[in-house]
Q: 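I'd like to ask you about the structure that follows.
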Amino acid sequence: MPELPEVEIIRRGLAKRIIGDSITAIDIKVPKMFRGDPKAILHTPIIDVRRIAKVMIIDFANGQSLLIHFKMTGQLIYVKAGDVAIGGHPEKVYEQPLPHKHTHIIYHLKDTATLYYNDLRKFGWHWVVSTTKAAEMLGAEFAGVDVISPGFTLTFLENFLQSRPNRPIKEAIMEQRFIAGLGNIYAAEALWQAKVRPDRKVKSLKDNEIAALYKGIKHVIDLSLKYGGSSFNSYVDAAGKQGAFLKYAEVYKRSKDSLGHQIERIKQGGRTTHFCPVCQK
DNA sequence: GGAAATGTTATTGT
DNA sequence: AACAATAACATTTC
């Protein structure tokens, strides 16, 4: 999925457009991606668009909710005459008339608008559950403290890290069940900001390094929200503004950082980590 | 042909 | 049992 700031931006764009509207029909082309009863959310007004961690939640007046997880390559596109909002993973194959080969679920809205869900890898899912049970159904994996919520404080980070002394720092801050929303890109960027190597063990970090990391996380998330919330430039709002966070990335997919240092790539927990061996100690 | 891709999630191992 | 490491998911691009 897009990472958290991106989901947040999609949420805002969607909330502006679909609250008050309702769904008249749903085309499900890949049944395994849809859980629950699609009929349960038809012809009932949309009253809210929320987010838990990286999960989008659309609440309906009849007490049902639609949960959408984008995973790595999901994309949600709102189309109405003269208004297009796109959010999610950008791919060349997505740049063609909708619906296309990778459009798996289509929501038809009463207000002559259409929501297209595209997903190249089909990792994402859509799930209809009752609103009161949404958080419970998502479970502990999604109960982490949201990085853009007031609960994400320096004290929280310190306490959490204390419980994980032997983990590499990058893997620790990517544990979604404790910290919701830091994905592979932002974790790497935050560590660059903090000048801490991603493979350092948590217990080797000094207090001031943890404080720098906390600031780095905040900075990177704020920057991303500011520049369109998109880790890639796939988001277009009604005014045609594109998200462009990656232009400001220091290490992710870069060969050099802004100081001209060569970026190294290593493997951590099955994911590629980018870092600068000169800046990060 | 091989590797990697923004993320979970299921399975296996300790 | 709890936790950590690994494979799996599906498809495209480099």
Side-chain angles (χ1 to χ4, degrees), chain A residues 1-10 29-35 51-56 67-76 86-96 100-105 117-127 137-144 147 160 163-190 199 201-202 220-221 223-225 227-235 243-255 263 265-274:
Chain A
M1 128 190 313
E3 297 202 28
L4 181 138
E6 208 170 349
V7 180
E8 172 61 16
I9 292 288
I10 297 170
K29 296 177 189 294
V30 183
K32 68 158 197 166
M33 297 174 73
F34 202 101
R35 278 186 273 176
R51 182 180 62 72
I52 293 182
K54 296 174 190 168
V55 182
M56 184 88 73
L67 316 185
I68 301 177
H69 200 308
F70 297 81
K71 287 294 181 80
M72 283 167 79
T73 53
Q75 191 184 54
L76 200 56
I86 300 174
H89 187 88
E91 283 292 339
K92 281 211 182 109
V93 294
Y94 287 168
E95 295 168 12
Q96 52 185 305
H100 54 60
K101 191 177 158 188
H102 303 292
T103 303
H104 306 308
I105 299 176
Y117 180 77
N118 305 322
D119 195 337
L120 186 128
R121 260 167 250 165
K122 295 181 186 164
F123 285 0
W125 44 252
H126 296 213
W127 194 5
M137 300 291 266
L138 287 169
E141 291 299 327
F142 295 92
V147 287
F160 164 65
S163 71
R164 293 262 173 311
N166 292 309
R167 294 220 83 190
I169 182 63
K170 173 165 177 275
E171 292 183 39
I173 60 175
M174 284 181 64
E175 285 187 46
Q176 300 297 313
R177 55 184 310 151
F178 295 102
I179 302 176
L182 262 197
N184 201 30
I185 297 177
Y186 294 119
E189 295 298 327
D199 52 357
K201 285 201 174 183
V202 166
V220 162
I221 297 289
L223 197 66
S224 176
L225 285 171
Y227 287 109
S230 180
S231 37
F232 288 71
N233 58 345
S234 61
Y235 176 78
F245 175 75
L246 261 210
K247 287 185 193 154
Y248 302 91
E250 291 283 354
V251 292
Y252 185 78
K253 279 222 170 160
R254 297 257 160 186
S255 57
I263 298 305
R265 297 183 183 194
I266 56 172
K267 274 279 182 191
Q268 282 188 291
R271 308 296 298 276
T272 304
T273 294
H274 302 65

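So that the names make sense, note that chain A is the first sequence line, chain B the second, and so on, each numbered from 1.
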Q: Side chain of A:H69, heavy atoms from C-beta onward: which of C:dA4, B:dG7, C:dC9 has the nearest atom to it?
A: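 Closest nucleotide to the A:H69 side chain: B:dG7.
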Q: Among C:dT11, B:dT8, B:dT6, which nucleotide has an atom closest to any side-chain atom of A:K54?
A: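 Of the options given, the side chain of A:K54 lies nearest B:dT8.
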Q: With sugar-phosphate meaning primed atoms plus P, OP1 and OP2, does A:E141 contact a base, only sugar-phosphate, or nothing at under 4.0 Å between heavy atoms?
A: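 It contacts nothing in the nucleic acid.
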Q: In terms of ring plane angle, is the pair A:H274 and A:Y252 parallel, tilted or perpendicular, where the classes change at 30° and 60°?
A: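 Taking A:Y252 first and then A:H274, their aromatic rings sit tilted (interplane angle of 30° to 60°).
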Q: Looking at C:dA10 and A:F123: do their rings stack (centroid distance under 5.5 Å, interplanar angle under 30°)?
A: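 No.
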Q: Between A:W125 and B:dT8, is there a side-chain N or O to OP1/OP2 distance below 4.0 Å?
A: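 No.
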Q: What nucleotide among B:dT8, C:dA5, B:dT6 has an atom nearest to a side-chain atom of A:I185?
A: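 For the A:I185 side chain, the nearest candidate turns out to be B:dT6.
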Q: Answer with base, sugar-phosphate or nothing: what part of the nucleic acid does A:G270 contact at a heavy-atom distance below 4.0 Å?
A: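 Nothing: the residue A:G270, judged by heavy atoms under 4.0 Å, touches no strand.
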Q: Over 60° means perpendicular and under 30° means parallel, so classify the ring planes of A:F142 and A:W125, tilted if in between.
A: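 The rings of A:W125 and A:F142 stand perpendicular, inter-plane angle above 60°.
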Q: Can you tell me which stems DNA chain B forms when a stem means 3 or more consecutive Watson-Crick or G-U pairs under 3.5 Å?
A: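 Stem list for DNA chain B: B:2-5 with C:11-14, B:7-14 with C:2-9.
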Q: Indicate whether OP1 or OP2 belonging to B:dA5 is found under 4.0 Å from a side-chain N or O atom of A:T272.
A: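 A:T272 to B:dA5 OP1/OP2: side-chain N or O found under 4.0 Å.
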Q: Select base, sugar-phosphate, or nothing to describe what A:R167 touches, counting heavy atoms under 4.0 Å on all strands.
A: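 The residue A:R167 makes sugar-phosphate contact but no base contact.
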